[in-house]
Amino acid sequence: MRLTSQSRFHKLYEKILLSRFVSMLLGFILCVVLPFYIHYGFKNYYYIDQGQFNALIISSIAFVLTHIWCNYLTNSYPGGRSAALLAPQILTVYGFCILATFLFYFPVSRLILVTSGLTTLFWLHIEYILTFRMRKPKLAVVNQAKTQELIALNKKGHDIRVLETPNLNNVRYDAVVADFKSITPEWERFLTQCALNRIPVLNSEQVFESLTGRVRIRHMTENNIGSLLPSPLFEFIKTCFDWVVVLLTLPITLPLVLVTALLVKLESSGPAFFCQTRVGLGNKPFRMYKIRSMRHDIEAEHNEAFAEEDDPRVTRIGKIIRKLRIDELPQLLNILKGEMSLIGPRPEQPSFVEEYDQKIPFYSYRHVVKPGITGWAQVRYGYTSDVNEAQIKIEHDFFYIKHCSISLDFYITLLTIKTMLTGFGAR
């Protein structure tokens, strides 16, 4: 569910400031037309060579795609409104465009492409800073028993106001939120008037899901489990994509794994690689491969225990490769064997699966998709150290299963890069 209507902004200057068309038009002039004009001008329009003309067309396409893509990810997924994610998206689009010109020997002025990319990077960040507060959804939430957890999100940076009485008091909101299952007739009439006045009225469960990236799993009635099944077409495309990525990156990842393994051997005695039994697709166990990041101690490496962020068992090399996720690279072999995917719920150890399955409703449903090297719960929540935290983490896994798509997978890839740079959630 998107919470980006900004229905509270109806004044002309507000509509202009928030207009995607105006933003794209101004951005196109600044990021495409201006760089071209500065470098070549328009005086000799009829004498522009093929490389300059191609650069103008490609930079135009790259800018439009970047603008649409950034807007889509920003509005579609929790945590998307982040300045830290703008640069990776922009650099990815322009990077692919420049790479394509090299691969296909396309005559193009790369000076224009680079200048356009850097200007786009600057422009979208300026736009983000100027409109951040206005694009942040402002929600009025009816004070009910089942909306308390949603109201508590106000402490985490969301703009949520509590409604004690059925009256907006002339305050403009993007939406009014309530638990429809326990609403009184008085509040029903109020919500009806809100709808008639073109103020969106939303269910609290849907809003909670869109803000937190979690799907509730405590009761069967809260979700139609069958509707969470990913489509066979998506699974096929995802498998093909995994294979292509693994094979294309093999010339880079294989030497990196070998060098890392050598450093691990030089630092401490014991094997550079090790295997752990994990539970994967269909609740079936498999052997997962990793580069050793802990001391060579059978109990330390192989006992089923929670990993800690500052685990004393981790070696100096281990701390680095864990932060950069290099220790997970041998799992590319698991992908080629069909046991894992690049993105999906992280596979757990059998004893944890058995414990969680007894305490958490529908826990094993996370095994309806292949486990991944990285995943939504991993980048959004990080570590778990008890059953209560595992409950929250699996709600993130269910969000991924429910909304799995190519765009979500790429978004998780961006968050994984951010995680690698910050170290959050590395294990």
Side-chain angles (χ1 to χ4, degrees), residues 1-11 14-15 18 74-81 132-228 360-362 376 380-381 388 391-403 408:
M1 174 184 294
R2 296 191 182 189
L3 299 173
T4 58
S5 62
Q6 278 84 41
S7 59
R8 71 183 188 272
F9 298 116
H10 51 73
K11 296 178 181 178
E14 294 173 336
K15 290 183 177 181
L18 292 172
T74 296
N75 297 329
S76 297
Y77 301 114
R81 295 181 181 87
F132 174 76
R133 290 186 178 276
M134 297 180 73
R135 294 191 185 279
K136 190 176 183 180
K138 184 177 180 180
L139 306 176
V141 180
V142 179
N143 193 2
Q144 299 168 278
K146 288 191 175 181
T147 60
Q148 295 307 305
E149 199 168 2
L150 179 60
I151 293 172
L153 294 178
N154 197 41
K155 298 178 181 178
K156 297 185 177 182
H158 298 287
D159 193 354
I160 296 174
R161 313 292 176 88
V162 181
L163 285 184
E164 301 289 354
T165 59
N167 192 332
L168 295 180
N169 295 316
N170 295 320
V171 178
R172 295 187 293 174
Y173 293 99
D174 285 304
V176 178
V177 184
D179 173 29
F180 296 160
K181 296 177 183 178
S182 59
I183 206 76
T184 64
E186 181 185 18
W187 280 102
E188 284 180 347
R189 287 189 289 270
F190 166 73
L191 296 179
T192 301
Q193 288 301 314
C194 289
L196 292 175
N197 289 314
R198 297 295 189 269
I199 301 173
V201 177
L202 307 176
N203 188 297
S204 59
E205 283 297 327
Q206 294 174 305
V207 174
F208 181 83
E209 177 181 320
S210 67
L211 293 180
T212 63
R214 295 159 52 188
V215 172
R216 302 304 189 100
I217 57 173
R218 293 187 179 92
H219 304 290
M220 178 68 80
T221 55
E222 292 186 11
N223 293 288
N224 183 349
I225 294 297
S227 69
L228 299 183
I360 301 175
F362 320 122
W376 181 246
R380 287 283 296 175
Y381 192 70
N388 291 331
Q391 168 81 39
I392 297 175
K393 193 168 184 177
I394 191 180
E395 289 178 357
H396 285 88
D397 287 335
F398 271 48
F399 180 91
Y400 174 76
I401 295 170
K402 182 177 180 179
H403 298 280
L408 180 55

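The shown structure was predicted, so the numbers you read here are calculated from the model rather than taken from an experiment.
Taken to the nearest 0.5 Å, the CG atom of Leu196 stands 11.0 Å off from the CG atom of Leu191. Residue Phe190 holds its CZ atom at 4.0 Å from CG of Leu168, rounded to the nearest 0.5 Å. For the atom pair CD of Glu395 and CD of Gln391, the computed distance is 5.0 Å after rounding to the nearest 0.5 Å.
Contact annotation: the side chain of Arg214 never approaches that of Phe398 to less than 4.5 Å [non-hydrogen atoms, C-beta and beyond]. Contact annotation: the side chain of Tyr173 never approaches that of Pro200 to less than 4.5 Å [non-hydrogen atoms, C-beta and beyond]. Within the 4.5 Å cutoff, no side-chain heavy atoms of Ile401 are placed close to those of Val215. Under the 4.5 Å side-chain criterion, counting only non-hydrogen atoms from C-beta, Arg172 is not in contact with Ile199. Put simply, the side chain of Leu150 reaches to within 4.5 Å of the side chain of Val177, judged on heavy atoms.
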Atom pairs and distances, side-chain donor-acceptor, residues 158-166, under 3.5 Å, sequence neighbours left out:
| from | atom 1 | to | atom 2 | distance (Å) |
| --- | --- | --- | --- | --- |
| Asp159 | OD1 | Arg161 | NE | 2.8 |
| Asp159 | OD1 | Arg161 | NH2 | 3.3 |
| Glu164 | OE1 | Asn143 | ND2 | 3.0 |
| Glu164 | OE2 | Asn143 | ND2 | 3.0 |

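When atom types are taken as modelled, the side chain of Gln148 and the backbone of Gln144 share a donor-acceptor pair closer than 3.5 angstrom.
Across all non-hydrogen atoms, the minimal contact from Lys146 to Asp179 is CD-OD2, 3.4 Å.
His396 has its ring centre no less than 6.0 Å from the ring centre of Tyr400.
The pair Glu209-Lys402 meets the salt-bridge criterion, since a charged nitrogen lies less than 4.0 angstrom from a carboxylate oxygen.
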